[in-house]
Structure formats: C-alpha cells, structure tokens
Asker: 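The following block contains the structure, expressed as structure tokens.
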Amino acid sequence: MYPRLLTLVRSFNSSQSSIIHHKSVSPFFSINLCAASSTNVQSNKTVKPEFPQTLDELRERLANESPSLMDFTRLRESDEYSVDVGTKKNPLPKPKWMKESIPGGAKYAKIKKKLRDLNLHTVCEEAKCPNLGECWSGGENGTATATIMILGDTCTRGCRFCNVKTSRTPPPPDPKEPSNVAEAIASWGVDYIVITSVDRDDLPDQGSGHFTETVQKLKILKPEILIEALVPDFRGDLSCVEKVAKSGLDVFAHNIETVEELQSVVRDHRANFKQSIEVLKMAKEYAPAGTLTKTSVMLGCGETPDQVVRTMEKVRAAGVDVMTFGQYMRPSKRHMPVSEYITPEAFEKYRVLGIDMGFRYVASGPMVRSSYKAGEYYIKSMIDTDRAKPSSALPVS
C-alpha cells in the first residue's frame, strides 16, 4: 500500500461502518419522486482526462499526487472519525447529523397529494428515507428525479441490511408493467429516472428482459429523459448484463453494498464482491461509449478504513465512474446492527480521496443513499456536457 494511505490505515485501525437504503415496495410498482436542489450538489475536483488503468498505476499516482492525509490522523486522534452506538442494553442517541427534518412545505404537500390521487406508493415513504423532506420539497432550481421499483415487492434473497420481504417463489412479474411504468413516467415530467428492482433468481433471465423492455419503452415515449438502471447482479450471467447495458440506458448502476471483506456478513450468500465487480466491469465493455457506471457502499457495518480504500481501488480499476458512500441505518431490530456512526468529516475525506483516484463524481455523506438526488442532478449535468463534445473527446475511464 502506498505510503500516504498507510498513514490512513494506521490512524484508523479501529474504525468500522455501512448504508441503509433498501426499500419495501408495492406489488405493482413504487415511485420515489424527488426534486433535488442544485445547491446541494457537492463540489467536484478537476481530474486528469486519462486515469490509471491498473491498481499499480493508481497507487503510484496517489502516492505522488494524493493530498496530505494529516486530516485523517487528526480525526482519529480527536475521536472525530466516528461515534459509538452504545450497547444493546445501553444504546446511545444518534449524533446530531443523523437527525432528519420533518417533511413539509407546499411542494411536498403537492407531490404527496398527486401520488395519493394516482394510488402510487413511494419507496421513500415505505423505507422511511431520511432525505424525504429535502427531496420532495426540493428547490427552485432543482431537477426533478424519480426512483421506480419494478418486478414486484418480494426478493428472492435475504441480505442482512435490507427491509424488503423475501420468498423463494415470489409472484410472477406483471407483463404489462414495462408499458404501464413507461407511460406513467413519460407523463410525469421528470428529467432523470432510476429504475431498480428486487433480486429475481427465480426467473430464467433474472429479470433482465423486464429491465430492458421498460428502458426501451420509456425512451420511445420520452427520448430526452436520462435513465439509470440500478440492477441486481443477475447471478453473474453476463448475457443479462449485456442485454441491460445495451438497452439504451444512460447510467448502469449496481451496488457492491459493503467492502470486500464483509460481503458474506452483509449480503446474501449468492452475492459476492468478485461477481459484482465483474458485472460493473463488463457493463462498461458492453454499453455504448459515454454510458456511465455507478456503485454504492454503506459505511458503519464494521469495516475499517484500509478495507474501504482497497475496495475503492478495485472499484476504480473496474472502470466505474461514480461512487457513493452513506451511513448504514438499521431498518429494524431483526436486521444487522449499526457498528458506528461515521462523521461528516470522515465522509468528506473519502469523497476527496475518491476524486483523487479518478472517479468522475463521488457523493459521500451520512444521509447519502445510492439514489442520491443531488448526485443525480450532477450526473445529468455531466452527461449533458459529455454529449455536447465530439465522441473522440469523451473522458477515458
């Protein structure tokens, strides 16, 4: 490991962490409408147009160009890296930065009424997302975004952090869903849409055909809309990855969820780090030039800083463009406990380090989720800028 990151490892040798996120959904589909204020978009450093192609090259660049890591040492020495959660018998209160605001405002009320009128259920409401107030209230200069869950509300897997109900034999997908979802969203007036789903190991194509059809129908109805597909790992079936990557989407997203060392602790046994990295890597190969790839990691699951950094290195070496970090929050007492609350200062250091590694965008903060609305505003701007350039001038991943 390069010298400056070795400093980080030594200074944080007792650290741990992970992210909340997953969602309960309705049998038909769920929609999470958010207006993200452009003022919430985190600043993005200018990076070199060509990024290191191997881990060795990446480490050499970071050793030479990485900003000083003395701030990490300061955080550790002053106990500012994380906050304890207490014990089962004596739990400690959440830190102030984990206190979400109560939703309200005219825009929030209008969106909620419209959702009820259409009998739609939102991911953000059912999952009790901490960003609901901010996203729904939005801002005058915000870009409207939405997150839709397809393929039903029952997952074939049982990850320890996720609140979605599970079954080995969930109901079959609604064959009309791709058309219904596309028509609903095309009429909604959103600029950026995220399509996600439960895992469907019971289906021959793992649900990839349903994803593809939904994307294609929506692009026909509204060609200008930007589509992010947040997909399962399809059990590593690369034909499924290829199908979705070539469907016409703009961002191919798949969450690795946690560091490599905690995969078997956090995720279902059918998921693993190598399989997820291969999905992201091959999506980049199959998708048309200019398509972005994205992943997300939860902190607070028991990981150490050196594990986070090594995971970031391997994700970047797979050509991933966008990475997000957020705080894991326990959905219920049945789920995996939170190990610690990572401070906003530590999240910011990971963001800076990620940008220095060559990620085009990094969203990192306690309340950040994989479908992070301010991040989607930035990604939209990034895609629009890329498309204004000749193909020969597109960034090399």
Side-chain angles (χ1 to χ4, degrees), residues 1 5 17-19 21-22 51-59 61-62 157 159-162 196-197 199 201 206-208 211 228-246 249 251-287 291-299 301-326 328 350 353-355 357-364 370 395-397:
M1 181 169 287
L5 289 179
S17 312
S18 180
I19 176 171
H21 174 71
H22 245 44
F51 302 130
Q53 301 300 303
T54 67
L55 275 177
D56 287 341
E57 290 176 358
L58 176 60
R59 287 169 175 162
R61 168 179 164 172
L62 288 171
R157 299 189 185 180
C159 297
R160 293 187 63 207
F161 65 89
C162 181
T196 189
S197 80
D199 284 278
D201 300 290
Q206 316 294 312
S208 59
F211 262 103
E228 173 183 325
L230 175 55
V231 303
D233 60 21
F234 301 127
R235 301 197 76 167
D237 187 335
L238 295 184
S239 65
C240 297
V241 175
E242 181 176 14
K243 187 186 302 181
V244 177
K246 293 180 176 179
L249 52 74
V251 181
F252 184 105
H254 170 64
N255 292 342
I256 60 172
E257 308 293 6
T258 188
V259 298
E260 183 174 8
E261 291 82 355
L262 293 183
Q263 293 283 313
S264 62
V265 176
V266 174
R267 303 174 77 189
D268 186 272
H269 66 90
R270 283 161 287 189
N272 63 78
F273 186 78
K274 183 178 179 181
Q275 184 167 275
S276 288
I277 286 292
E278 187 68 10
V279 166
L280 289 162
K281 183 179 179 181
M282 295 312 297
K284 196 70 174 178
E285 299 256 344
Y286 293 137
T291 305
L292 301 178
T293 50
K294 175 184 173 186
T295 196
S296 184
V297 167
M298 303 175 285
L299 300 181
C301 299
E303 72 286 336
T304 60
D306 56 315
Q307 291 171 345
V308 176
V309 172
R310 286 199 301 267
T311 297
M312 292 171 70
E313 290 176 338
K314 293 179 181 180
V315 168
R316 183 61 203 126
V320 174
D321 301 289
V322 177
M323 194 167 187
T324 70
F325 296 91
Y328 167 66
Y350 284 126
L353 189 58
I355 294 298
M357 284 183 176
F359 289 102
R360 295 192 64 194
Y361 177 72
V362 180
S364 182
S370 62
V396 179
S397 294

Asker: Could you tell me whether the side chain of Gln206 and the main chain of Asp199 form a donor-acceptor pair under 3.5 Å?
Answerer: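 Checking the backbone N and O of Asp199 against the side chain of Gln206, no donor-acceptor pair under 3.5 Å is found.
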Asker: Quick check: does any side chain N or O of Asp237 sit under 3.5 Å from a backbone N or O of Ser239, one acting as donor and the other as acceptor?
Answerer: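 Yes; at least one donor-acceptor contact below 3.5 Å.
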Asker: Check whether any side-chain heavy atom of Val297 lies under 4.5 Å from a side-chain heavy atom of Val308, and answer yes or no.
Answerer: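 Val297 vs Val308: side chains apart.
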Asker: Could you please spell out the steps behind the side-chain contact (heavy atoms from CB on, under 4.5 Å) verdict for Met357 and Val309?
Answerer: CA-CA 10 Å; Met357 284 183 176; Val309 172; 4.1 Å; yes
Asker: Once you round to the nearest 0.5 Å, how far does CG of Asp201 lie from CZ of Arg235?
Answerer: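 Going from CG on Asp201 over to CZ on Arg235, the span is 5.0 Å.
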Asker: Is it the case that the side chain of Lys294 and the backbone of Ala229 share a donor-acceptor pair, with hydrogens and angles ignored and the cut-off at 3.5 Å?
Answerer: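 A pair under 3.5 Å: no.
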Asker: Answer yes or no: is there a donor N or O on one side and an acceptor on the other, between the side chain of Asp233 and the main chain of Ser276, under 3.5 Å?
Answerer: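 Flag not set: sc Asp233 to bb Ser276 has no pair under 3.5 Å.
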Asker: Counting heavy atoms not belonging to Lys243, are there more than 12 under 6.0 Å from its NZ?
Answerer: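 Enclosed: over 12 neighbouring heavy atoms sit under 6.0 Å from NZ of Lys243.
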Asker: Just to verify, which of Lys274, Arg310, Lys314 counts as forming a salt bridge (charged side-chain N to carboxylate O under 4.0 Å, His left out) with Glu260?
Answerer: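 Result for salt bridge (charged side-chain N to carboxylate O under 4.0 Å, His left out) with Glu260: Lys314.
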Asker: Between the main-chain N or O of Thr304 and the side-chain N or O of Gln307, is there a donor-acceptor pair closer than 3.5 Å?
Answerer: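 Side chain of Gln307 to backbone of Thr304, a donor-acceptor pair under 3.5 Å: yes, one is there.
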Asker: Which value, rounded to the nearest 0.5 Å, describes the distance between Gln263 atom CD and Gln275 atom CD?
Answerer: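 Between atom CD of Gln263 and atom CD of Gln275 there are 10.0 Å.
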Asker: Any carboxylate oxygen within less than 4.0 angstrom of a Lys/Arg side-chain nitrogen, looking at Lys284 and Asp321?
Answerer: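 Salt bridge flag = yes for Asp321 with Lys284.
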Asker: Look only at the side chain of Thr295 and the backbone of His254, and say whether a donor-acceptor pair between them is shorter than 3.5 Å.
Answerer: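 Between the backbone of His254 and the side chain of Thr295 there is a qualifying donor-acceptor contact (under 3.5 Å).
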Asker: Going by the angle between their ring planes, with limits at 30° and 60°, are Phe325 and Tyr350 parallel, tilted or perpendicular?
Answerer: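 Correct class here is parallel.
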Asker: Would you please test Phe234 and Val244 for side-chain contact (heavy atoms from CB on, under 4.5 Å) and show each step?
Answerer: CA-CA 11 Å; Phe234 301 127; Val244 177; 3.9 Å; yes
Asker: How long is the span from the OG1 atom in Thr311 to the CZ atom in Phe273, to the nearest 0.5 Å?
Answerer: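 So the OG1 of Thr311 and the CZ of Phe273 are separated by 5.0 Å.
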Asker: What distance do Met282 atom CE and Leu238 atom CG have between them, rounded to the nearest 0.5 Å?
Answerer: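 Reported to 0.5 Å precision, the distance equals 5.5 Å.
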Asker: Under the side-chain contact (heavy atoms from CB on, under 4.5 Å) criterion, do Tyr361 and Leu292 qualify, and how do the steps go?
Answerer: CA-CA 11 Å; Tyr361 177 72; Leu292 301 178; over 6 Å; no
